[in-house]
Amino acid sequence: MANNLPIQPLRTTSINSTPTPIRAMWEGLDHVTRLHGHMAEGHTHVTEIHDHMVEEKTWTSLAEELDFFYPLLCFRRALPSLSSSASTVLLIVQVAVAQTSNDERRQRHSEGYCAMYGICGERSDGKVVNCPYGSPAVKPDELLSSKIQSLCPTITGNVCCTEAQFDTLRSQVQQAIPFLVGCPACLRNFLNLFCELTCSPNQSLFINVTSVSKIKNNSTVDGIDFFITDDFGEGLYESCKDVKFGTMNTRALEFIGAGAKNFKEWFAFIGRRAPNNMPGSPYAIQFLPTVPESSGMKPMNVSTYSCRDVSLGCSCGDCPSSPVCSNTAISTSNKGATCSVQIGSLKAKCVDLALAILYIVLVSMFFGWGVFHRTRKRSRSFRMKPFTDAAEGGESHSLSRQKADNLPMQRLEDANQSSTGVQLSVVQGYMSDFYRKYGLWVARHPTLVLSLSVGMVLVLCLGLVRFKVETRPEKGLGVKLRKRNGFFDSNLAPFYRIEQLILATIPDALNGKSPSIVTEENIKLLFEIQKKIDGIRANYSGSMISLTDICMKPMGEDCATQSVIQYFKMDPSYDADDRLEHVNYCFQHYTSAESCMSAFKAPVDPSTVLGGFSGSNYTEASAFIVTYPVNNALDKEGNETQKAVAWEKAFVQLAKDELLPMVQSRNLTFSFSSESSIEEELKRESTADAITILISYLVMFAYISLTLGDTPRLSSFYISSKVLLGLSGVLLVMLSVLGSVGFFSAIGVKSTLIIMEVIPFLVLAVGVDNMCILVHSVKRQPLDLPLEGRISNALVEVGPSITLASLSEVFVFAVGSFIPMPACRVFSMFAALAVLLDFLLQVTAFVSLIVFDFLRAEGRRVDCFPCIKASSTYAESEKGIVGGYWSCMIDESCSSNYRIAYETLGIGGRKPGLLARYMKEVHAPILNLWGVKIIVVAVFVAFALASIALSTRIEPGLEQKIVLPQDSYLQGYFNNVSEYLRIGPPLYFVVKNYNYSSESIDTNKLCSISQCNSDSLLNEIARASLTPESSYIAKPAASWLDDFLVWLSPEAFGCCRKFTNGSYCPPDDQPPCCSPNDTACGLSEVCKDCTTCFRHSDLHNDRPSTAQFREKLPWFLDALPSADCSKGGHGAYTSSVELTGYESGIIKASSFRTYHTPLNKQIDYVNSMRAARKFASRVSDSLKMEIFPYSVFYMFFEQYLDIWKTALINLAIAIAIILLVLAMILVDLMGVMAILGIQLNAVSVVNLVMSVGIAVEFCVHITHAFSVSSGNRNERVKEALGTMGASVFSGITLTKLVGVLVLCFSKTEVFVVYYFQMYLALVLLGFLHGLVFLPVVLSMVGPPSRCIRFEKQDERPSVSSQP
């Protein structure tokens, strides 16, 4: 009998090894020669047959038996000893056979008889087929018997196979052995199935030939029934179902069983009659569990071995149900498990319910406290009314109070009859004294102060000559990850570069479903695209670079391009009757069909070249994915990398100019990317929004100039405006940024894009606030004071709050410089120094500029053109009005004309503006209403608690498409990647310092085949792959160590072989054993004396010695995989082992490859990295070995592993410095992030840290003004809003608002999301909390006033008006 095992051994593999089609399981057998041997024993055999024929009286039975000897007629002349009677018998037999139809044939089904014997023909595709002869089983000679026993121990005595048949069987099953040798139970059961089918002496009991065909006039088997019990089938499948083939990271059944889900599917695959040139059996085999009644047959039921049998040593990875594996629990994760409460039809998270209950309790307590407090206050007020009326002094007190409202908050001590003293803390006292003296000194020496301060910062700017921008993401990695990446790249191999195309169909407008892309026309389109790709020639240093010059070639010949057209060997002229049929066939047989092997001699997994399908329904795929792996290099600036970059630029240009129109004309979508695309697009993005940012700064500058000046009037705007002062202030802000960048550049710290885009805006926003507050404070001072007095008073008034606010911001950013997240750390360093420099320039250079500007105004000089003076009429009228105004302030009986005129003039006096009057006369009184207070507190507390609940829904990560320009070609590419890709990124577990010596147990700690530890690394990876939803590991790992140990094994007799001189002997189907031009290879003269490297006695517990391991490992890594041995390591494991220094018994670095599950969201990338690190840490601790995970995307997502911890710790430190209101602003901002779907990443954390600093601006000035005001809490709130509310609103809120609004027109989504949306939310929340919620809280529970009124006995100073 000749069978073709329906498995496909590998010819060669590269990245992954898989089997190639088996041409035939048995070669032809010259059975006539064998019969001649029988006939040589005497003439009696034919006579016995004649007697037997007479005995049976059945011509059909006779014909069946004598058909065995039919070929003898052809060799009648070669047998002269035949008697005439024999000739007569043979003639009768010939006539009988000729007259007997197939329907009349019957086989003898009894013990000791064969159903098939010998090989009677060969199909047109070379597959040999059996003879349908029901002959008795034959006793083999001693040599053949020993051979059969070595492979088929269940076959004893007579057999139904010839020596040639057995040799063919042996050569074919050796192709399956490498797949199954890791589990001896599975291998034994698998061999028994084919041993019984081929050589069993009782073959006729369970084999029935059902159809016969003619090949060259010879009867050949065309179909059989194989009766086999379900128990055997179930036992076989159970022992093999989990056996894995490491090189492909998948189950062995994917190759020898087409991924069968049960034994019936496996048997159906084995029994399918293969069409010509297709893999499989040359005849149909129908596996049946029950035999026909009264047939005399019985199903084959050889005992099966269980993989649970410890004596057989199946590994945990191949047999998870093994008792030795049951003690190791599969690690699971409660990923996604959250506490929830069901209330009727409403399902709420526990945290949401807890916060809702807390809110109800807090509001109830607050309302109860308010009612009690109001009731008690009214009762006390009723009892104390007579006394308070007498104490207040009636209307006299009211008038004095009204007058006091118009007095400045602080004056020089000799300027008022009734003065206000402020009880300050020690720190504030020193600060006030310092600013009083400092203000006088600056006003007297503005030129010196301006020169020194600007000169100091200019010195720092000299560091800009060393300015560099960091564009390599690995430079921003943490120290640990940077070392690991460097270790992987230098010892193993840098991860290859990826160039990719995605073609997809357009969804139907009616049902939204995308049609299949697998059509004849689209396959033809792929060939056209590939032709253009192959034609790319990029110029690099005068050399023309093509894809073949830079692509990854695992086998050293063809590029490892991943494309559907690999099923056609990348050849448009590939001979296929029907391309579509061939592709669909390859989708199901890509691991087994030789016709589906790629041009680079490896299988192409449909999931890597197709997208938009579910499960294994490849035919419904709506996208083609074409990937070009390109060699990478350690030196990013070296020639190899630059050649690849040059080709990538040409590739992108071709895709834009030619491929995109070509694909779109076929009504398909098209997206593409290269390895350098992101970097190139980021460079373009850095300039794409330059105009938008510039307009934002110009708008802020225009607003600053407007708000710093007085109310514009046509007659005096050219003097009262502050355009030059505003421009000078903006330049100082930019100078502080340049000084910060210059300092860090001088010490070798590179800048990043986020620094260049965010810090100028941040410092400008902070600096503008302080500039407005300083100028408004000076303008509020009485004009009867000299300029130096006004400057001094203004600094005493606002200097402490500016200092505290600025130092708080500096401290917040300084704390951020100690956090491990690289982007935030560098940003915080630059921002802290920039804000500090900005503060120093404001209290030095900008105060000097204020002095110059007020001197300019008093000198009647035109703004922006100080050399030009205005007419003297303006100055004289101004002086007269000012003098008259202050006379009226002292003597209220005077006419109001001066006051009205002064208010009309609007040259910086005490008269508050419209905004200030609104704050004091409208806003503050409304907030002082008790009902309004209750509503404000209830709303803001509700918002804060809701934001806490929402903040738990913020996801870490930064979508790549967010940081790219909206018109970038990568926008569509990233969308398609998320939608179509069905395979995750490669994941490597890297082992450092593996000791392979025989004295060490490291080998069993790592491997996963027989006799390996149950908790070994590879067993743990296989176990983790069973729970991909929590481990994010999709498949068992491809193990060079497992494959090496199998390659060495004597059972894999076609793998590790040696010539008689001890040198490496390749498998029989590889040169020099087989010529590359030979279509079929057999035993050659060159390799006939090759023997296996080792016998079992040469190994210790099936493990090589240190010397054997050291000698054979390079052989294995150089061995090409092929049909006779699929375990060769060349290509698949070339870069998995670092051989440098391995002679010492220590392998410095090695890796085991698996894959993550498909990762579509940023949170998936973060969680997968966290899960891999947690897994590696656990296994490292268990095995006492250094193991770490590596994947190419880890460098981008490491910062997000502890981003919540980092954010919360640093924000907590910052919050500890500020009040409750700042915490609420921060929490509310995070709530808005959740509402807007903004992710938690480096940019948003930077914004959150920055928001703490900016939030200080909204609160500290109001709080400081409240603390130094006099009266009860409501009056102090009114005073604070009247004096500082307008400055906060105009100088902080509106300034930032006008700058932020411009960003909504940005072309880059990262600006729209992270700068416009987040900054806008920050400004609005800061305004609401600073000017609504904070005043309400202060009016209710504010600190006591530090202001003490006292009467001075000195006479009132006289202030005369000048005519």
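Counting from 1, the numbers follow the sequence of the chain as shown.
The nearest pair of heavy atoms linking Y590 to C596 is CA-CB, 4.3 Å. Closest heavy-atom contact between W266 and A260: N-CB, 3.4 Å. F600 approaches Q562 most closely through the heavy-atom pair CZ-NE2, 3.4 Å. R123 and P282 get closest at one heavy-atom pair: NH1-O, 3.3 Å. Smallest separation of non-hydrogen atoms from N158 and P140: CA-CD, 4.1 Å. Considering all non-hydrogen atoms of both residues, P986 and Y1155 come closest at CA-CD2, 3.8 Å.
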Could you go through the side-chain hydrogen bond (donor to acceptor under 3.5 Å, both in side chains) check for Y567 and S595 one step at a time? CA-CA 7 Å; Y567 297 133; S595 60; over 6 Å; no
Begin with the C-alpha distance, continue with both residues' side-chain angles, and end with the deciding distance and a verdict on side-chain hydrogen bond (donor to acceptor under 3.5 Å, both in side chains) for D605 and T608. CA-CA 6 Å; D605 190 337; T608 64; 5.5 Å; no
Start with the C-alpha gap between C1007 and R1103, add the side-chain angles, then the distance that decides, and say whether side chain to side chain contact (heavy atoms under 4.5 Å, CB included) holds. CA-CA 11 Å; C1007 66; R1103 295 290 184 264; 3.7 Å; yes
One pair to check against side chain to side chain contact (heavy atoms under 4.5 Å, CB included): L288 and F226. What are the steps and the verdict? CA-CA 6 Å; L288 299 172; F226 189 171; over 6 Å; no
Trace of the side chain to side chain contact (heavy atoms under 4.5 Å, CB included) decision for W1047 with C1125: CA-CA 8 Å; W1047 184 82; C1125 181; 3.7 Å; yes
Start with the C-alpha gap between N189 and T304, add the side-chain angles, then the distance that decides, and say whether side-chain hydrogen bond (donor to acceptor under 3.5 Å, both in side chains) holds. CA-CA 6 Å; N189 293 333; T304 57; 5.0 Å; no
Pair F267, L193 - check side chain to side chain contact (heavy atoms under 4.5 Å, CB included), show working. CA-CA 11 Å; F267 283 168; L193 173 68; 4.2 Å; yes
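T1106 places a side-chain N or O within donor-acceptor distance of the main-chain N or O of S998, the cut-off being under 3.5 Å. Distance alone, capped at 3.5 Å, places no donor-acceptor pair between the T1134 side chain and the H1130 backbone. Remark: side-chain polar atoms of S598 are paired, donor with acceptor, to backbone N or O of A602 under 3.5 angstrom. S1008 places no side-chain N or O within 3.5 Å of a backbone atom of N1019 that could act as its donor or acceptor partner. At least one donor-acceptor pair under 3.5 Å links the side chain of Q1108 to the backbone N or O of D1098. At distances below 3.5 Å, at least one donor-acceptor pair connects side-chain atoms of S1025 with backbone N or O atoms of A1022. A donor-acceptor contact shorter than 3.5 Å is absent between the side chain of T198 and the backbone of C195. Y237 contributes a side-chain N or O that, together with a main-chain N or O of K261, makes up a donor-acceptor pair within less than 3.5 Å. Formation of a donor-acceptor pair under 3.5 Å by the N262 side chain with backbone atoms of K264 is found in this model. With E196 contributing its side chain and M300 its backbone, the two residues share no donor-acceptor pair below 3.5 Å.
Side-chain contact between V221 and V129: absent, with no pair of heavy atoms (C-beta onward) separated by less than 4.5 Å. Taking the side chain as every heavy atom from C-beta outward, V609 and Q566 never approach each other to under 4.5 Å. For the pair F194 and I270, the minimum side-chain heavy-atom distance is below 4.5 Å. The closest side-chain heavy-atom distance from S1182 to E1020 is not below 4.5 Å. Within the 4.5 Å cutoff, no side-chain heavy atoms of L1006 are placed close to those of S1039. The shortest side-chain heavy-atom distance between C1012 and T1003 does not fall under the 4.5 Å cut-off. Side-chain atoms of D1002 and Y996, non-hydrogen and from C-beta on, never get closer than 4.5 Å to each other. The shortest distance between side-chain heavy atoms of L1017 and K1005 does not fall below 4.5 Å.
Between F1044 and F1109, the ring center distance clears the sub-6.0 Å criterion.
Distance check, rounded to the nearest 0.5 Å: CH2 of W1115 to SG of C1093 gives 5.0 Å. Expressed to the nearest 0.5 Å, how far CG of L151 lies from SG of C199 amounts to 8.5 Å. The CD atom of Q149 sits 10.5 Å away from the CG atom of L144 when rounded to the nearest 0.5 Å. Atom SG of C114 sits about 11.0 Å away from atom CD1 of I207, to the nearest 0.5 Å. Expressed to the nearest 0.5 Å, how far OG of S306 lies from CD of E238 amounts to 8.5 Å. In this structure, I228 CD1 and I285 CD1 are separated by 10.5 Å, a value rounded to the nearest 0.5 Å.
SG distance check for C319 and C183: not under 2.5 Å. With C186, the cysteine C240 has an SG gap short of 2.5 Å. C1090 has its SG atom 2.5 Å or further from the SG atom of C1073.
Considering F1152, W1040, F1175 in turn, F1175 is the only one that fulfils the ring pair (Phe, Tyr, Trp, His ring centres under 6.0 Å) rule with F989.
No more than 12 heavy atoms of other residues, nucleotides or ligands shown are found within 6.0 angstrom of CD1 on I1001.
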